[in-house]
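One structure is given below, encoded as structure tokens.
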Amino acid sequence: MADGDKIRILIVDDIADTRDNLAKLIGFEPDMEVAGTADGGQAAVNMAKKERPNVILMDINMPDMDGITATEIISNTVPDAPIIMMSVQGEQDYLRRSMLAGAREFLVKPFSADELINAIRHVHELEKVKRARYAQVAPQAPAPGGPVAAAPVARDTGQIIAFFSPKGGVGRTTIATNLAVALHQSTQKPVVLVDGSLPFGDIAVILNMSPKAKTIADLVGSFDNTDSDVLESVLVSHSTGIKVLLAPPTPESAELIKGEDIKRVLELLRERYAYIVVDTWPSYGEQVITMLDTSDVILTLMTLEITSLKNVRVFMEVAEKLGYDDNKLQLVANRNDSSGGIKASDVEASLGRKIPHTIVSDGRTLVLAVNRGVPFVISHRESQVAKDIFALAGKLAGAQEAASAATGAKAPARAGGMRLFAR
Ligand SMILES: Nc1ncnc2c1ncn2[C@@H]1O[C@H](COP(=O)(O)OP(=O)(O)OP(=O)(O)O)[C@@H](O)[C@H]1O
Ligand SMILES: [Mg+2]
């Protein structure tokens with residue numbers, strides 16, 4: 001293997017024996033090499049800037065600058081270098097603080113050679129995937145002689161609100177469904193819920209819909225000829241007063257739907273519905289990115305846990321490349337008070353971003369509502385979790401009203417930016 005292809009590793013530990021041992025283990029791997037060693041946090045920061053290693057192994061307890069502070073500085077100044085923390089057992093709090101500082105992995109000392117090598121390969125691979133994704137991001141070509149960013153277009157059409165989270169099981173489907181109903185109840189305007197979780201959609205189950213109901217898959221083969229009326233014919237009416245566009249019945253049929261088909265469907269729905277609420281699934285593939293691109297607001301659901309935080313950080317980087325501004329990407333902390341999590345203020349400090357919306361944890365109400373087959377914003381309207389959803393609906397509807405009042409029409413879909421996929 002050519003030297004230039006090797007994974008270059010910076011070793012940071014104040015104990016010389018540990019540095020030597022780690023260097024020896026790395027030396028056995030044909031695809032890895034030691035880029036340098038440092039005996040303290042400050043030396044690590046300097047060395048990381050100079051050597052630009054592919055991976056950094058970082059001890060926590062060191063005399064001058066500790067490993068967490070060094071990690072914080074390096075993740076901001078040399079963001080391409082993923083950091084693996086190393087610490088002795090029982091330091092739970094360190095794990096939490098390391099992840100908040102931007103570390104990608106955590107090895108508990110003593111660890112085996114396999115654990116070390118696997119962790120290095122793992123973070124290096126993830127970094128490569130991340131970079132490959134960014135490489136696809138090409139600046140949107142400006143119209144000849146035209147402005148770089150598209151001027152906001154005033155349009156009197158519906159608002160598309162997508163629910164995204166880079167991690168599964170955080171409550172997207174539950175919250176999206178209840179928000180759609182709450183928006184309809186509080187504004188009395190037409191609302192459509194789109195099950196954009198194309199391969200895994202479960203809104204049909206949650207809303208107790210017939211297995212024979214029409215789905216978006218009924219449009220496969222005829223998307224180009226689909227107009228508002230045709231689209232309306234595959235929407236399903238729900239007893240709550242909202243309409244639903246269901247996901248395909250099988251993952252195979254989901255694969256037949258292209259990004260451009262999704263864009264067309266969403267744009268058509270804008271013409272008739274005041275709010276289009278879109279559920280998605282954790283993917284950076286073309287289908288989901290198109291949903292996010294086409295949306296006005298992306299509610300990024302997260303739970304206040306370290307793993308969730310790490311993934312949201314990566315998504316925020318992707319979103320920035322895509323040109324989504326702070327109004328478009330809004331964080332929502334779900335299950336806000338469930339035990340074992342991190343404080344919202346710590347998360348905000350770590351992400352450098354406010355979490356404007358929170359939803360309490362209330363498993364009991366959710367289970368009761370599911371058993372009754374009714375969204376909890378209807379069956380348990382007085383519960384705190386329902387109130388949180390109505391508050392979110394109020395903020396979204398209020399913002400739209402304000403935008404309409406200001407421009408004489410509704411808020412524009414997007415203001416230029418970059419795209420992952422050329423269309
Ligand atoms: N605020 C909450 N309080 C208590 N439980 C919640 C809350 N929000 C969601 N849940 C529960 O979390 C679980 C996952 O929710 P849901 O299926 O909506 O998540 P999802 O992000 O759509 O998951 P998937 O990745 O599988 O699509 C469900 O059991 C749901 O009842
Ligand atoms: Mg879901």
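Atoms within a ligand are numbered from 1 in the order they appear, just like the ligands themselves.
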- [ ] Verify the contact flag for atom 13 (C) of ligand 1, where contact means a protein heavy atom under 4.0 Å away.
- [x]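 Protein heavy atoms within 4.0 Å of atom 13 (C) of ligand 1 - there are none.
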Task: Per-atom contact, atom 29 (O) of ligand 1, protein heavy atoms, under 4.0 angstrom - done: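 Answer no: nothing from the protein, no heavy atom, is under 4.0 Å.
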- [ ] May I have the step-by-step check of salt bridge (Lys or Arg N to Asp or Glu O under 4.0 Å) for Asp326 and Arg353, ending in yes or no?
- [x] CA-CA 9 Å; Asp326 285 10; Arg353 196 175 181 118; 3.4 Å; yes
Can you confirm, on distance only, whether ligand 1 has an N/O atom lying under 3.5 Å from any N/O atom belonging to [X]?
| X | result |
| --- | --- |
| Asp362 | yes |
| Asp279 | no |
| Gly168 | no |
| Gly169 | yes |
| Val170 | yes |
| Val360 | yes |

Open item on the list: Please check this pair: side chain of His184 against backbone of Lys189, looking for a donor-acceptor N/O pair closer than 3.5 Å.
Closed with: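 Judged by distance alone, yes, a pair lies under 3.5 Å.
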Open item on the list: For the backbone of Phe163 and the side chain of Thr280, can you confirm whether one donor and one acceptor N or O come within less than 3.5 Å of each other?
Closed with: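 Yes, Thr280 side chain to Phe163 backbone: donor-acceptor pair under 3.5 Å.
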Open item on the list: Within this structure, what is the CE-NZ distance for the pair Met302 and Lys310, rounded to the nearest 0.5 Å?
Closed with: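 One finds 13.5 Å between CE of Met302 and NZ of Lys310.
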- [ ] Verify the distance test for Thr174 against the Mg ion (ligand 2): any N/O/S atom under 2.8 Å, yes or no.
- [x]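 It does not; every qualifying atom lies at 2.8 Å or beyond.
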Task: Close approach of Ser361 to ligand 1, heavy atoms, under 4.0 angstrom - done: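 Right, Ser361 reaches ligand 1.
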Which of the atoms of ligand 1 are close to [X], meaning less than 4.0 Å from one of its heavy atoms?
| X | value |
| --- | --- |
| Thr174 | 15 (O), 16 (P), 18 (O), 30 (C) |
| Thr173 | 18 (O), 20 (P), 22 (O), 27 (O) |
| Leu366 | 2 (C), 4 (C), 5 (N), 6 (C), 7 (C), 8 (N), 9 (C), 10 (N), 31 (O) |

Task: NZ/Lys214: more than 12 non-hydrogen atoms of other groups inside 6.0 Å - done: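 No, not enclosed.
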TODO: May I ask you to identify, for Asn334, whether its side chain, its backbone, both or neither come under 4.0 Å of ligand 1 on a heavy-atom basis?
DONE: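 It is the side chain that gets close, since no backbone atom is under 4.0 Å.
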TODO: Decide whether Arg172 and Ser165 meet the rule of one side-chain donor and one side-chain acceptor closer than 3.5 Å.
DONE: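 Their side chains do contain a donor-acceptor pair, which is all the 3.5 Å distance test asks for.
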- [ ] Would you kindly say whether Asp279 and Thr173 are connected by a side-chain donor-acceptor distance under 3.5 Å?
- [x]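 Yes, side-chain donor-acceptor contact under 3.5 Å.
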Open item on the list: Working note: Val265 + Thr226, criterion side-chain contact (heavy atoms from CB on, under 4.5 Å); need CA distance, chi angles, decisive distance, verdict.
Closed with: CA-CA 8 Å; Val265 165; Thr226 299; 5.7 Å; no
Open item on the list: Please list the nearest protein heavy atom to atom 19 (O) of ligand 1 with its residue and the distance rounded to 0.1 Å.
Closed with: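 Among all protein heavy atoms, the one nearest atom 19 (O) of ligand 1 is Gly171 N, 2.9 Å.
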Open item on the list: In terms of relative ring orientation, are Trp281 and Phe200 parallel, tilted or perpendicular, with 30° and 60° separating the classes?
Closed with: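 Perpendicular, since the angle between the ring planes exceeds 60°.
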TODO: Starting from the C-alpha separation in whole Å, work towards a yes-or-no answer on side-chain contact (heavy atoms from CB on, under 4.5 Å) for Phe315 and Leu331.
DONE: CA-CA 11 Å; Phe315 176 54; Leu331 299 179; over 6 Å; no
Open item on the list: Using heavy-atom distances only, which candidate in Arg335, Arg172, Lys167, Arg364 approaches atom 21 (O) of ligand 1 most closely?
Closed with: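 Looking at heavy atoms only, the winner is Arg172.
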